[in-house]
Amino acid sequence: MKANVLVVGGGGREDAIVWKLSRSDNTENLYCIPGNGGITRRALIPENFPSTNDSIIKFAKEKSMDFVVVGPEQPLAEGLADGLRALGISVLGPGSQGARLEGSKSFAKNFMKKYNVPTAEFEIFSDSTAALDYLKTKEKVVIKADGLCAGKGVYVCSSREEATAAVREIMQEKKFSEAGNKIIIEDMLRGEEASIIVLMSPDNYSVMLPSQDHKAVFEGDSGPNTGGMGAYAPTGAVNPEILKKVEKNIIGPVSDGLRRERIDYRGVLYIGLMICDGEPQVLEFNVRFGDPETEAMLPLLKTDFIELLSGVERDEKVILDWEKQVCVDVVLASGGYPGSYESGKKIKINREDMPEGVNIFHAGTQLKNGKLYTSGGRVLNVAARGNDIVEAVRKAYKAIESISFENMYFRKDIGHKEVKRYECGK
Ligand code: AMP
Ligand code: GLY
């Protein structure tokens, strides 16, 4: 069966999903809302379209969509998947009940506690005085606003002063409005972070390639956190032994917990891990594909994406087949990001000098009169495949030499931990 598919979102993650769908013989019509300057190459983007859940649901019905793939978390938290499913449209993404695993950190932490999923010790507060009192008993903590804060609601505090300031900012100054009505104070964990992306359906799951992103803006993982400055897959940080623990101690109990809570979860579960002395602990759940992990992962996926979507919908175990390669994705950002930056810069891409095995996925780009301009903080993703991490890194940075825009900024050390692992293992 050929399928009509709508992808919701407009970042690098969605461009990678659209690219993968466009390579499937089973894709009939491919749409994206709101899309971006690169996604127009492969998907139809309705013009001047209001990206509200109601209008997306109406559009999906009118255009007889078979599948909708939802990229970002907000529409899921607001019930987009529920509305689509009520009309018989298949969705990769949980309903609003399941989306609480990302939309409410207190829900996620209580869920983990109830089902014995390893995670940092925590307390939940809805009163700032009690929270400030609790801080007197703790040294190093991480403070998290309960609700969705576009990735900005987490404070990793290295001193009591920082922790006190975080509580004040979230609860008293209301920096995130009602998303900060409750906070979680949890113990700081130390170790190496990694991302595990799982395709979940009620009785089955399939684990995708483990990956690692680079959240900090500067080299050596320093400076403020961003949406992600690059990623690579697979990562040796999650070796087969750790993966076994992730399945046994985390994915199994989560899947069981969802069933017990009567949450019919059909979609992606992203598990943010901290691997502490060989023991995987959950930092966070997301209810969607990671960005930029997806841009590093999908170029290695051989399995047809429509088959993947059908498998999750039918609650079957999706057999995932991967290239035996490594993919490194480097984000090209507007100088100044994650602080203020300028947009509207002309982008030049010289395709003739591009090495083979490189994908350029668009994030903050806009097409105007056939010319490409920057329109966001993260602008492009350069995803390069190689036979090992060193080759993939070399190709990604070689490809970047063919791309330019004013004030272009990128990290020069994406994949550095894996390169070290590779060199130690030689
Ligand atoms: P989250 O959105 O909960 O994943 O938090 C964002 C980032 O904060 C993570 O990627 C970690 O780098 C850091 N973080 C969150 N929780 C902890 C923790 N308990 N210990 C150490 N770092 C953490
Ligand atoms: N790369 C982290 C995230 O997608 O939330």
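Basis for what follows: all heavy atoms, side chains included, without hydrogens, waters or symmetry-related copies. Read the numbers this way: they start at 1 and go in the same order the structure lists the ligands and their atoms.
Nearest to atom 15 (C) of ligand 1 among the protein's heavy atoms is Lys144 NZ, 3.4 Å. For atom 8 (O) of ligand 1, the closest heavy atom belonging to the protein is Val154 CG1, 3.5 Å. Among all non-hydrogen protein atoms, the one lying nearest atom 19 (N) of ligand 1 is Glu186 OE2, 2.7 Å. Counting protein heavy atoms only, atom 12 (O) of ligand 1 is closest to Glu193 OE2, 2.4 Å. In terms of protein heavy-atom proximity, atom 2 (O) of ligand 1 is nearest to Glu284 OE1, 3.2 Å. Among all protein heavy atoms, the one lying closest to atom 2 (C) of ligand 2 is Tyr270 OH, 3.3 Å. If you check which protein heavy atom lies closest to atom 21 (C) of ligand 1, you get Leu189 O, 3.2 Å. Scanning the protein for heavy atoms near atom 17 (C) of ligand 1, the closest one is Leu283 CD2, 3.4 Å. Residue, atom and distance of the protein heavy atom nearest to atom 22 (N) of ligand 1 are Met274 CE, 3.9 Å.
Only the side chain of Val156 comes within 4.0 Å of ligand 1, judged by heavy-atom distances. Neither the backbone nor the side chain of Arg190 has any atom closer than 4.0 Å to an atom of ligand 1 (non-hydrogen atoms only).
Side chain of Lys20 to main chain of Leu301: a donor-acceptor pair is present (N/O by atom type, distance under 3.5 Å, no hydrogens or angles). The backbone N or O of Gly37 lies less than 3.5 Å from a partner atom in the side chain of Thr40, making a donor-acceptor pair. With hydrogens and angles disregarded, no donor-acceptor distance shorter than 3.5 Å links the side chain of Ser201 to the backbone of Asp203. Side-chain atoms of Ser375 come within 3.5 Å of backbone N or O of Thr365 as a donor-acceptor pair. Between the Thr226 side chain and the Val217 main chain, no donor and acceptor come within less than 3.5 Å of each other. Side-chain atoms of Asn286 do not come within 3.5 Å of backbone N or O of Glu102 as any donor-acceptor pair. Using a distance-only test at 3.5 Å, with no hydrogens or angles considered, no donor-acceptor pair links the side chain of Lys398 to the main chain of Met354.
Contact analysis puts Asp187 in contact with ligand 1, with a non-hydrogen atom separation below 4.0 angstrom. Not close to ligand 2: Arg13, with no non-hydrogen atom less than 4.0 angstrom away.
In summary, the atoms of ligand 2 found under 4.0 Å from a heavy atom of Gly290, numbered by their order in the structure, are 4 (O). Listed by atom number, the atoms of ligand 1 under 4.0 Å from Met188 heavy atoms are 20 (N), 21 (C). Under a 4.0 Å criterion applied to the non-hydrogen atoms of Asn286, ligand 2 contributes the atoms 3 (C), 5 (O). Proximity to Lys105 (heavy-atom distance under 4.0 Å) selects the following atoms of ligand 1: 1 (P), 2 (O), 3 (O). Listed by number with element, the atoms of ligand 2 under 4.0 Å from a non-hydrogen atom of Glu293 are 1 (N), 2 (C). Heavy-atom proximity to Asp213, at under 4.0 Å, picks out these atoms of ligand 2: 1 (N), 2 (C).
At most 12 non-hydrogen atoms from other residues, nucleotides or ligands lie less than 6.0 angstrom from CD of Glu356. Counting non-hydrogen atoms of neighbouring residues, nucleotides and ligands closer than 6.0 angstrom, the CD atom of Glu423 exceeds 12 such neighbours.
Stacking of Lys317 on the aromatic ring of Tyr205 is recorded, both the 6.0 Å distance cut-off and the 45° axial limit being met. Cation-pi geometry between Arg13 and Phe289 is not met at under 6.0 angstrom from the ring centre and within 45 degrees of the axis. A cation-pi contact, defined as under 6.0 Å to the ring centre and within 45° of the axis, links Lys412 to Phe410.
For atom 3 (C) of ligand 2, the choice among Arg288, His214, Glu193 with the nearest heavy atom turns out to be Arg288.
Where the criterion is an N or O separation shorter than 3.5 Å, residue side chain and backbone included, Glu284 fails it with respect to ligand 2. At least one N or O atom of Lys215, backbone or side chain, sits closer than 3.5 Å to an N or O atom of ligand 1. For a threshold of 3.5 Å applied to N or O pairs, the pair formed by Lys215 and ligand 2 contains no separation below that value.
For Arg421 and Glu192, the salt-bridge test passes: some basic side-chain N is under 4.0 Å from an acidic carboxylate O.
Proximity of Val254 to Val198: side-chain heavy atoms (C-beta onward) are nowhere separated by under 4.5 Å.
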